[in-house]
Q: 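Sharing a structure below in structure tokens format, with a few things to ask.
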Amino acid sequence: MPPLRICLASAEVSPFAKTGGLGDVTGALARYLWKAGQDVRLFFPFYSSIDTGPHDIGPVDFIRHLGIRLGRRTFEFSAFCTTLPRTELQVYLVHCPELYHRRGLYADDGDEHLRFAMLGRAALECCQRMGWAPDVVHCNDWHTALMPLDLKTHYAWDKLFARSRTVLTLHNVGYQGVFGAGVVDDLDFAAHASLLFQDDLSADRLNFLKTGILYADVLTTVSPTHAHEIQTEQYGMGLDDLLRRRHDHLVGILNGVDYEEWDPAIDPHLPFHYTADDLDGKEQNKRALLQDLSLRYAPGVPALGIVSRLTGQKGIDLYYEVLPPLLRHRDVRLVALGSGEPRYEEFFAALQREFPGKACFYRGFHNPLAHRIEAGCDLFLMPSLYEPCGLNQMYSQRYGTVPVVRKTGGLADAVDPWDPTTGRGTGFLFDHYTPDGLAWAIARALETYNNPDHWRRLIANGMSRDFSWERQTERYVDLYRRLAGG
């Protein structure tokens with residue numbers, strides 16, 4: 001079967017530029033599509049914040065100083081290329097200093113609509129200069145969501161794209177790219193305004209993500225459960241009606257895990273390696289983690305881990321009523337890593353002050369510590385209000401760390417409830433977003449921890465799960481082939 005030609009466009013790609021899961025997913029998907037033998041070309045902005053030191057980045061000689069007209073302005077861009085780490089896959093950076101030389105990946109300078117509309121247009125212009133006709137143009141989140149409409153308007157004349165089909169992945173519908181209707185002229189859509197949502201224009205707004213949902217051939221989101229959730233008023237963020245109308249074109253595919261990076265048998269960040277057949281190293285990692293963080297280690301005392309952005313979405317509010325009494329009345333240890341809203345950061349800092357030797361908070365992000373928490377803790381807490389996919393619940397299972405999660409999105413899809421009568425399951429789930437729900441799930445987990453036979457079975461179940469990108473990539477390839485075939 002001939003390889004598929006897949007054009008991937010994203011605002012973030014790990015390890016070059018990322019603020020969250022979007023960068024991890026697009027980088028990993030591109031890598032594993034390449035490993036599967038597909039012809040994939042990945043486009044993202046050449047931000048000035050990218051650390052070029054580890055990468056050999058050079059210009060593409062035949063894509064230099066090209067102009068793209070957006071409204072009354074013309075922006076000049078060039079393409080640079082490098083290889084994605086651990087592959088020979090060439091990826092392409094859109095170099096436009098006027099738009100991408102900012103302090104961070106995202107900005108509040110009033111031209112975000114131009115910065116990311118430019119990314120989509122530049123990716124298609126590069127395909128033209130390459131003479132490369134993609135079977136599938138795969139867009140990600142609001143930043144590149146105008147590309148399906150671009151193909152139907154600005155590039156409708158070009159037979160190169162005559163057979164191209166579009167996929168839009170909704171990583172987080174809470175971020176939609178909403179701007180005033182005045183940007184229609186800036187984006188060169190004035191002549192095609194009839195194709196935009198007229199009610200939105202009347203209300204003086206243009207919604208990038210909503211436009212992409214309307215015009216993409218297929219929509220995907222990052223877990224099957226979340227694909228259903230976003231069609232409800234509770235989780236649809238105002239897009240539920242449109243998503244219900246397009247439900248026949250909406251598919252949920254769970255994100256994968258890169259086991260070349262997340263595997264306790266080979267993880268370079270761990271002082272001790274271990275496997276499902278030999279768990280001695282897990283207890284050694286626990287002792288080392290707690291001692292390094294000035295927490296008291298004692299055999300048989302469970303350690304709870306948290307690695308999270310500290311935002312309301314992640315369920316941090318539930319901890320206010322649950323963690324202080326837990327630390328006060330139970331002999332447990334808590335290790336939390338994260339940053340976000342100041343009130344949440346102060347909450348965890350206060351726990352460390354109130355419970356010295358039992359609780360530790362590391363403000364910020366520290367990748368080696370994140371790996372050590374996964375390996376050194378017994379339980380991992382993810383009580384999210386909503387979670388399109390989530391990755392830590394999958395990392396945790398591979399590391400023999402039992403997840404305690406709310407039954408939502410990818411958490412519901414990736415964690416099977418523990419059943420002591422059958423010995424099946426990989427973690428503990430609670431339904432209702434309340435402190436009592438979280439406290440109940442933690443209590444069940446701690447009760448099970450005190451039963452060594454059940455706990456060993458629970459760990460073995462989790463470590464045997466396969467969330468590899470190889471498996472998930474097969475689902476994308478199947479989707480692409482069905483789409484490209486008509």
Q: Under the criterion side chain to side chain contact (heavy atoms under 4.5 Å, CB included), I'd like the reasoning laid out for D263 against R398: C-alpha separation, chi angles, the key distance, then a yes or no.
A: CA-CA 7 Å; D263 183 346; R398 176 52 63 103; 4.1 Å; yes
Q: Apply ring pair (Phe, Tyr, Trp, His ring centres under 6.0 Å) to Y320 and F347, showing your working.
A: CA-CA 8 Å; Y320 281 82; F347 167 73; 4.4 Å; yes
Q: Keeping the roles fixed (side chain from T87, backbone from L89), state whether a donor-acceptor pair exists under 3.5 Å.
A: yes
Q: Closest heavy-atom contact between G423 and N461?
A: O-ND2, 2.9 Å
Q: Cut-off 3.5 Å, side chains only: do Y106 and E12 have a donor facing an acceptor?
A: yes
Q: Side chains of I266 and H273: closer than 4.5 Å at any heavy-atom pair?
A: no
Q: Check whether any side-chain N or O of D278 sits under 3.5 Å from a backbone N or O of D280 as a donor-acceptor pair, and report yes or no.
A: yes
Q: Return the minimal non-hydrogen interatomic distance between R465 and D413, and the atom names on each side.
A: NH2-O, 4.3 Å
Q: Would R363 pass as a cation-pi partner of F348, given that its NZ or CZ must be under 6.0 Å from the six-membered ring centre and within 45 degrees of the axis?
A: no
Q: Determine, step by step, whether E346 and R353 satisfy the salt bridge (charged side-chain N to carboxylate O under 4.0 Å, His left out) criterion, reporting the C-alpha distance in whole Å, the side-chain angles of both residues, the deciding distance to 0.1 Å, and the verdict.
A: CA-CA 10 Å; E346 175 53 31; R353 291 193 298 269; 2.5 Å; yes
Q: Heavy-atom count check: over 12 atoms from other residues, nucleotides or ligands less than 6.0 Å from E321 CD?
A: no
Q: Is the ring pair Y92/F43 parallel, tilted or perpendicular, if the boundaries are 30 and 60 degrees?
A: parallel
Q: Would you name the heavy atoms of A30 and L42 that are closest together and state the gap between them?
A: CB-CD2, 3.8 Å
Q: In terms of side-chain geometry, is the basic nitrogen of R31 or E88 positioned less than 4.0 Å from the acidic oxygen of its partner?
A: no
Q: With salt bridge (charged side-chain N to carboxylate O under 4.0 Å, His left out) as the test, would you mind laying out the steps for D241 and R245 before giving the verdict?
A: CA-CA 6 Å; D241 179 62; R245 282 188 271 146; 3.3 Å; yes
Q: Report yes or no: do D56 and T82 form a side-chain donor-acceptor pair below 3.5 Å?
A: no
Q: Please determine whether side chain to side chain contact (heavy atoms under 4.5 Å, CB included) holds for the pair R330 and L446, giving the CA-CA distance in whole Å, both sets of side-chain angles, and the decisive distance to 0.1 Å.
A: CA-CA 10 Å; R330 300 288 295 263; L446 294 176; 3.5 Å; yes
Q: Please determine whether a side-chain nitrogen of the Lys or Arg among E112 and R115 lies less than 4.0 Å from a carboxylate oxygen of the Asp or Glu.
A: yes
Q: Hey, can you tell me if F16 and H55 have their rings parallel, tilted or perpendicular (30° and 60° cut-offs)?
A: tilted
Q: Is it the case that over 12 heavy atoms from other parts of the model lie below 6.0 angstrom from the CZ atom of R103?
A: no
Q: Verify side chain to side chain contact (heavy atoms under 4.5 Å, CB included) between Q176 and M237, making sure each step is shown before the conclusion.
A: CA-CA 9 Å; Q176 298 177 16; M237 305 293 180; 3.5 Å; yes
Q: Looking at T401 and C377, would you say the former's side chain and the latter's main chain have a donor-acceptor pair under 3.5 Å?
A: yes
Q: Would a distance-only check, ignoring hydrogens and angles, find a side-chain to backbone donor-acceptor pair under 3.5 Å from K18 to D24?
A: no
Q: Would you say T473 and L29 make side-chain contact, with heavy atoms under 4.5 Å?
A: yes
Q: Answer yes or no: does atom CZ of R424 have more than 12 heavy-atom neighbours from other residues, nucleotides or ligands under 6.0 Å?
A: no
Q: Any side-chain heavy-atom pair from M1 and R481 closer than 4.5 angstrom?
A: yes
Q: Taking R163 for its side chain and D135 for its backbone only, find out whether a donor-acceptor pair lies under 3.5 Å.
A: no
Q: Has D378 got a side-chain atom pairing as donor or acceptor with A303's backbone, closer than 3.5 angstrom?
A: yes
Q: Between N140 and H171, do the side chains contain a donor N or O and an acceptor N or O under 3.5 Å apart?
A: yes
Q: Tell me whether the rings of W262 and Y399 are parallel (<30°), tilted (30 to 60°) or perpendicular (>60°).
A: perpendicular
Q: Minimum heavy-atom separation for L105 and A11, please, with both atom names.
A: CD2-O, 4.5 Å
Q: W469 vs Y32 aromatic rings, parallel, tilted or perpendicular, using cut-offs 30° and 60°?
A: parallel
Q: Side chains of E374 and S396: any donor to acceptor distance under 3.5 Å?
A: yes
Q: Could you tell me whether the side chain of F44 reaches within less than 4.5 Å of the side chain of T144, counting heavy atoms only?
A: no
Q: Hey, mind stepping through W142 and Y175 against ring pair (Phe, Tyr, Trp, His ring centres under 6.0 Å) and telling me if it holds?
A: CA-CA 7 Å; W142 73 263; Y175 301 92; 9.2 Å; no
Q: Crowded around E470 CD? As in, over 12 foreign heavy atoms under 6.0 Å?
A: yes
Q: Between the side chains of T225 and K407, does any donor sit under 3.5 Å from an acceptor?
A: no
Q: Does the side chain of L411 reach to within under 4.5 Å of the side chain of S223, using non-hydrogen atoms?
A: no
Q: Can you find a side-chain donor-acceptor pair between D240 and Q231 that sits under 3.5 Å?
A: no
Q: Is the ring pair Y476/Y480 parallel, tilted or perpendicular, if the boundaries are 30 and 60 degrees?
A: tilted
Q: Between D436 and T434, does any side-chain donor sit less than 3.5 Å from a side-chain acceptor?
A: no
Q: Are K210 and D200 close enough for a salt bridge, meaning some N to O gap below 4.0 Å?
A: yes
Q: Have H138 and T169 got a donor and an acceptor in their side chains that come within less than 3.5 Å?
A: yes
Q: Give the minimum heavy-atom separation between A375 and K282, together with the two atoms involved.
A: O-NZ, 2.7 Å
Q: Side chains of Y344 and S339: does their closest heavy-atom pair fall under 4.5 Å?
A: no
Q: Between the side chains of W132 and D39, is a donor N or O closer than 3.5 angstrom to an acceptor N or O?
A: yes
Q: With distance as the sole test, does N255 use its side chain to make a donor-acceptor pair with the main-chain N or O of V222 at under 3.5 Å?
A: no
Q: Do E283 and Y297 have side-chain N/O donor and acceptor atoms under 3.5 Å apart?
A: yes
Q: Measure the shortest side-chain to side-chain distance between R444 and W418 over non-hydrogen atoms and say whether it is less than 4.5 angstrom.
A: yes
Q: Is the backbone N or O of H143 less than 3.5 Å from a side-chain atom of D141, with the two atoms forming a donor-acceptor pair by type?
A: no
Q: Identify the residue among R406, E229, K314 that makes a side chain to side chain contact (heavy atoms under 4.5 Å, CB included) with E387.
A: K314
Q: Please determine, by modelled atom types, if T275 and D277 share a side-chain donor-acceptor pair under 3.5 angstrom.
A: no
Q: Taking N451 for its side chain and H454 for its backbone only, find out whether a donor-acceptor pair lies under 3.5 Å.
A: yes
Q: Side chains of Q472 and R475: donor-acceptor distance under 3.5 Å anywhere?
A: yes
Q: Which heavy-atom pair separates I316 from R309 by the least distance, and what is that distance?
A: CD1-O, 4.3 Å
Q: Does CG in D108 sit with more than 12 non-hydrogen atoms of other residues, nucleotides or ligands closer than 6.0 Å?
A: no
Q: Taking side chain as C-beta onward, heavy atoms only, is Y386 less than 4.5 Å from N172?
A: yes
Q: Please check if the side chain of T83 supplies one atom and the backbone of Q90 the other of a donor-acceptor pair under 3.5 Å.
A: no
Q: With a 4.0 Å cut-off on N to O distance, would you call R296 and D331 a salt bridge?
A: no
